[in-house]
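This report refers to the structure that appears directly beneath it.
Numbers here simply count residues along the sequence, with the first being 1. Small disclaimer: the values here were computed from a predicted structure and weren't measured.
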Amino acid sequence: MDEKEMSMQYISGYIKRARDAQAEFEKMSQQQVDLAVKTIGKVVYDNAEYLAEIAVEETGMGNVPDKIAKNRQKSKIVWNNLRGKKSRGILDTDVETGITRIAKPMGVAAAITPCTNPIVTPMSNAMFALKCGNAIIITPHHKAIRCSTKTVEMINAELAKLGYPQHLIQILDQHSREHTQNLISSADVVIATGGAGMVKAAYSSGRPALGVGAGNVQCIIDEGYDYKEAVPKIIAGRTFDYGIICSGEQSVICPERDYEAILEEFEANGAYVVRDKKELEGVRSALFQEGKPNRHSVGQSPERIAELAGIRIPEGTKILVAEAEGTGLTDALGGEKMAPVIAAYKYKTLDEGIRIARENLEKEGKGHSVAFHSDSEEHILHVGEELCVSRFVINQISASSAGGSFYNGLAPTNTLGCGSWGHNSISENLDYKHLMNISRIARYMPDNYVPTDEELWG
């Protein structure tokens, strides 16, 4: 038996176990399904500290306090969003249209999960999958195998205590590109959260796929808005987990008249402003190598970034603010930076600020998210109409709100679709509904009004 056949046989075992478990699970009631979903989130919530520690230890990215906060917050908001929602059997009947909707499982989901979110992404994907009566098989990033596997093992131990079918949630114990390729081409639906290569593979698998696009969140401060209110939020978003969150702010685009005052406010809140050309080049070199993220800087502290850049920063510095010398079309600083560094720009008019954001998004991140700090509903709608992203978060910390929060209406998730702009199939946050098949009963409605040809065509 050659390597390819061995891989197919290996994956076939996972698929069979998942299908057997799923066949039992879909017979269970809504209450039983919801208890399983709640249990998944509660395991991560209860073990937030331990899981954060092993994630940082294995991946070498981010920091423990922020990962603890992420584990607790994401488990809470995802479960809060899912609890009480019907996802099994008859959903509803529309009296006006005569349509009755019936929820059905998709079957077996395959999930590719990243090293940047090695705990909460497997958690939320499993919660979405089981909410709709599916089984799920996870293939984690090779840099996060141990912590992602431990998460799944802890969840399965609790599900077993409650009598749920074994193998509802599985995670590959052998890792290779071939195993991943065979998994995603054998499952019924694929969720890909990670790099562009994995997302492209998912869409090429021949199965329905739900992927994400690159992040490069543009943050605009509106003229006249209280920048002292905005700056701490922007810093919190850009520095969270040392900048590896795809929804974290990447560029701050400021009104020219307040630009210097805004930078002073950044400094007052623990920022080091990089203006010197030599220092700027050092920061670029620290963050990027041959146009790609420097792996030595991804998810590292401000001190480590400064060390790599060859610059000295004050003790206690939280963030580096780099005055970009052009948009992402000409300056790498306008792209996604996987570290606590933000690019700074200034604009004369809001439309110029929108242009800066648009050009940065053309470089990277089109379809993802924009943060806008404004008191003007007119300006909010204008920015919303002009920029091609799937989410606009208003007067919020993007890193902790674009993926849903208690304080906005976005679906809580760790998988943020970017629409056709980001080469994705959805332009919204992945939710349980994306892992649900719906049957529709269409009744004959003899009393429906049928317009005449004259009414239709004039």
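Taking 4.5 Å as the limit, every side-chain heavy atom of D431 sits out of range of all side-chain heavy atoms of T413. Contact annotation: the side chain of L51 approaches that of M154 to within less than 4.5 Å [non-hydrogen atoms, C-beta and beyond]. The shortest side-chain heavy-atom distance between E264 and Y227 does not fall under the 4.5 Å cut-off. Side-chain atoms of R304 and Y242, non-hydrogen and from C-beta on, never get closer than 4.5 Å to each other. Considering only heavy atoms from C-beta on, N125 comes within 4.5 Å of T113 through its side chain. Here the side chains of E267 and V273 are in contact, with some heavy-atom distance below 4.5 Å. The shortest distance between side-chain heavy atoms of I145 and E58 falls below 4.5 Å. Within the 4.5 Å cutoff, the side chain of T180 has heavy atoms near those of the M198 side chain.
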*Decide yes or no on side-chain hydrogen bond (donor to acceptor under 3.5 Å, both in side chains) for Q218 and Y345, but give the supporting numbers first.*
CA-CA 11 Å; Q218 300 301 295; Y345 297 88; over 6 Å; no
*Run the salt bridge (Lys or Arg N to Asp or Glu O under 4.0 Å) check on E428 and K433 step by step: do they pass?*
CA-CA 12 Å; E428 60 182 330; K433 67 180 182 180; 3.2 Å; yes
*Could you go step by step and tell me if L333 and R284 meet the side-chain contact (heavy atoms from CB on, under 4.5 Å) rule?*
CA-CA 7 Å; L333 291 171; R284 288 189 193 93; 3.9 Å; yes
*Should H434 and F128 be marked as a side-chain contact (heavy atoms from CB on, under 4.5 Å) after you check the CA-CA gap, both sets of side-chain angles, and the distance that decides it?*
CA-CA 8 Å; H434 298 111; F128 297 150; over 6 Å; no
*Report the C-alpha separation of R355 and E352 in whole Å, then their side-chain angles, then the decisive distance to 0.1 Å, and conclude whether the salt bridge (Lys or Arg N to Asp or Glu O under 4.0 Å) test is met.*
CA-CA 5 Å; R355 176 191 61 77; E352 184 185 3; 3.8 Å; yes
*Passes salt bridge (Lys or Arg N to Asp or Glu O under 4.0 Å), K348 versus E256? Steps please.*
CA-CA 6 Å; K348 286 184 170 63; E256 186 175 56; 3.5 Å; yes
*Can N71 and V120 be said to form a side-chain contact (heavy atoms from CB on, under 4.5 Å), step by step?*
CA-CA 6 Å; N71 291 344; V120 292; 3.4 Å; yes
*Are N414 and T193 close enough, and set up right, to give a side-chain contact (heavy atoms from CB on, under 4.5 Å), and what steps lead you there?*
CA-CA 8 Å; N414 295 290; T193 314; 5.7 Å; no
_Residues R146, E57; criterion salt bridge (Lys or Arg N to Asp or Glu O under 4.0 Å); working and verdict_ = CA-CA 10 Å; R146 293 194 304 277; E57 180 183 353; 5.7 Å; no
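With no hydrogens or angles considered, no side-chain donor-acceptor pair links H373 and D226 at under 3.5 Å.
One N or O on the side chain of N424 and one on the backbone of V212 form a donor-acceptor pair closer than 3.5 Å. Here the side chain of Q396 pairs a donor or acceptor atom with the backbone of I394 at under 3.5 angstrom. Proximity of a side-chain donor or acceptor of N134 to a complementary backbone N or O of G107 within less than 3.5 Å is detected. Using a distance-only test at 3.5 Å, with no hydrogens or angles considered, no donor-acceptor pair links the side chain of T100 to the main chain of T93. Not a single donor-acceptor pair under 3.5 Å links the side chain of R358 to the backbone N or O of L387. Of the possible donor and acceptor atoms, one in the side chain of S148 sits under 3.5 Å from a partner among the backbone N and O of P118.
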